Amino acid sequence: MTNSTLTVQSVTKRFKSHIAVDRVSFALRPGERVALLGHNGAGKTTLFKMALGFLKRDEGDIAVMGAAPGSNSARRVTAYLPESVAFPAALTGEEIVRFYARLKGANAGGALELLERVGLEDAARRRVGTYSKGMRQRLGLAQALIGKPKFVLLDEPTTGLDPISRQNVYELIGEVAEQGATVLLSSHALTELEARTDRILILSKGQLVADDELGTLRAQAGLPIRLKVWTKPGAVREVAEQLGAGKMNGTSVELDCGLDDKVRTLSAISALGNLVEDVDVHAPSLDDVYRHFSNTAQKEA
Ligand SMILES: Nc1ncnc2c1ncn2[C@@H]1O[C@H](COP(=O)(O)OP(=O)(O)OP(=O)(O)O)[C@@H](O)[C@H]1O
């Protein structure tokens with residue numbers, strides 16, 4: 001546990017009689033990119049606020065690199081990007097990053113590089129009041145990353161960003177993690193997280209209902225793999241019969257198989273030779289995995 005960037009041990013937070021976070025435990029290691037997922041009101045922001053020291057927990061323990069959240073040593077290593085960032089409209093992007101660099105005792109050159117890294121070099125001398133929402137969000141990310149933080153908390157960092165900017169944000173997150181920082185981000189945009197995070201945490205009604213790599217969660221969920229077999233013209237029925245498959249249309253046959261059965265099924269398809277033109281293999285998506293764990297938790301509740 002001493003090696004962890006963030007340690008959360010059996011943490012509970014109540015608002016009057018409502019339990020917002022319920023006995024949650026996990027630990028994050030250096031260099032991990034972790035997605036925190038959950039329905040509206042699941043407790044994600046409450047957990048963030050406790051890790052930042054903005055809110056006191058009712059039970060359990062939280063430590064940021066061994067220090068109490070909100071303490072000087074925790075604040076020195078922590079960066080936070082809230083879902084909506086606000087900056088003084090009259091200042092330019094460059095003035096803002098210079099200001100934060102001074103505040104954090106960081107090098108101004110590095111801060112200006114970050115401004116470039118988020119694609120704001122051309123707008124650096126423009127007043128923030130003229131920035132679009134996406135530009136303000138990117139400025140927020142640059143500001144958060146000043147001073148090479150070790151623990152980076154990002155609350156829906158890609159909301160309001162266009163596809164290229166989203167890609168840039170994930171590239172930057174990847175670079176920061178490669179340098180050893182732990183990135184914990186909350187998001188509802190599951191598709192874009194799939195290949196860009198190392199670990200998934202799912203909260204449901206305040207409880208942590210899943211915590212692992214996507215591949216492991218897929219295996220735990222036991223969801224089927226979907227295969228779509230494109231056939232030679234006129235061969236759909238024969239291929240469907242040979243594979244004992246259910247669904248078919250004019251040009252393709254669809255079938256589901258378990259993870260254990262994937263190789264055997266692909267061999268059976270391959271044995272059909274030139275009756276088959278192509279095969280698409282769809283592993284369960286993060287959306288499917290998320291739905292599985294959330295629905296299971298709701299049913300158990
Ligand atoms: N200050 C507060 N006072 C009372 N209840 C609160 C307070 N803050 C949060 N809650 C409640 O705690 C629960 C968890 O809220 P939280 O904001 O952590 O959810 P979330 O997962 O971040 O949701 P979203 O995806 O909508 O941002 C909700 O039921 C919310 O209404």
Side-chain angles (χ1 to χ4, degrees), residues 5-28 32-64 68-70 74 78-86 133-134 136-137 140-141 144 151-161 166 169-170 173 182-194 196-197 199-212 214 217 285-301:
T5 309
L6 176 73
T7 314
V8 176
Q9 279 177 314
S10 206
V11 165
T12 294
K13 176 69 192 172
R14 294 185 197 86
F15 292 108
K16 297 198 174 139
S17 61
H18 177 71
I19 304 181
V21 172
D22 189 3
R23 292 161 292 162
V24 166
S25 297
F26 61 88
L28 306 183
E32 276 191 309
R33 300 168 301 168
V34 183
L36 178 63
L37 311 180
H39 56 81
N40 292 128
K44 303 178 296 292
T45 307
T46 305
L47 199 52
F48 269 28
K49 287 182 180 170
M50 288 190 285
L52 289 160
F54 297 167
L55 264 182
K56 289 266 169 272
R57 59 202 176 272
D58 293 308
E59 283 159 37
D61 273 314
I62 304 187
V64 178
T78 305
Y80 174 51
L81 176 66
E83 190 186 341
S84 309
V85 271
K133 182 179 187 296
R136 285 199 302 276
Q137 194 69 6
L141 184 63
F151 176 39
V152 180
L153 276 161
L154 307 172
D155 202 351
E156 306 207 19
T158 56
T159 305
L161 298 190
R166 281 166 185 255
V169 166
Y170 283 108
I173 288 173
T182 303
V183 182
L184 178 62
L185 63 99
S186 79
S187 180
H188 293 289
L190 305 191
T191 310
E192 67 182 34
L193 290 175
E194 205 161 316
R196 295 167 170 127
T197 46
R199 183 171 157 195
I200 310 289
L201 305 180
I202 302 176
L203 276 179
S204 177
K205 295 188 175 163
Q207 295 186 345
L208 191 64
V209 296
D211 170 11
D212 223 312
L214 179 57
L217 293 180
S285 65
L286 177 53
D287 252 306
D288 299 327
V289 169
Y290 172 75
R291 209 167 319 124
H292 168 85
F293 282 98
S294 298
N295 289 348
T296 307
Q298 306 263 341
K299 275 185 206 139
E300 282 172 3

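Quick note: residue numbers are just sequence positions, from 1. When a ligand or atom number is given, it counts from 1 through the structure's own listing order. Computed from a prediction, not measured in an experiment: that's the story for all the values here.
Judged by the 6.0 Å distance and 45° axis criteria, K13 is positioned over the aromatic ring of F15.
For ligand 1, residues of the protein lying within 4.0 angstrom by heavy-atom distance are F15, H18, A20, H39, N40, G41, A42, G43, K44, T45, T46, H188.
E59 pairs by the salt bridge (Lys or Arg N to Asp or Glu O under 4.0 Å) definition with R14, not counting sequence neighbours.
For the atom pair OG1 of T158 and NE2 of H188, the computed distance is 11.0 Å after rounding to the nearest 0.5 Å.
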Throw together a table of side-chain donor-acceptor distances under 3.5 angstrom for residues 201-211, partners on residues two or more places apart or in other chains.
from, atom 1, to, atom 2, distance (Å)
Q207, NE2, D22, OD2, 2.8
D211, OD1, R199, NE, 2.8
D211, OD1, R199, NH2, 3.2
D211, OD2, R199, NH2, 3.1

Which atom pairs, one a donor and one an acceptor, fall under 3.5 Å between side chains of residues 294-301 and the rest of the protein, sequence neighbours left out?
from, atom 1, to, atom 2, distance (Å)
S294, OG, Y290, O, 3.0
N295, ND2, R291, O, 3.3
T296, OG1, H292, O, 2.6

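Across all their heavy atoms, S186 and D155 have their closest contact at OG-OD1, 2.6 Å.
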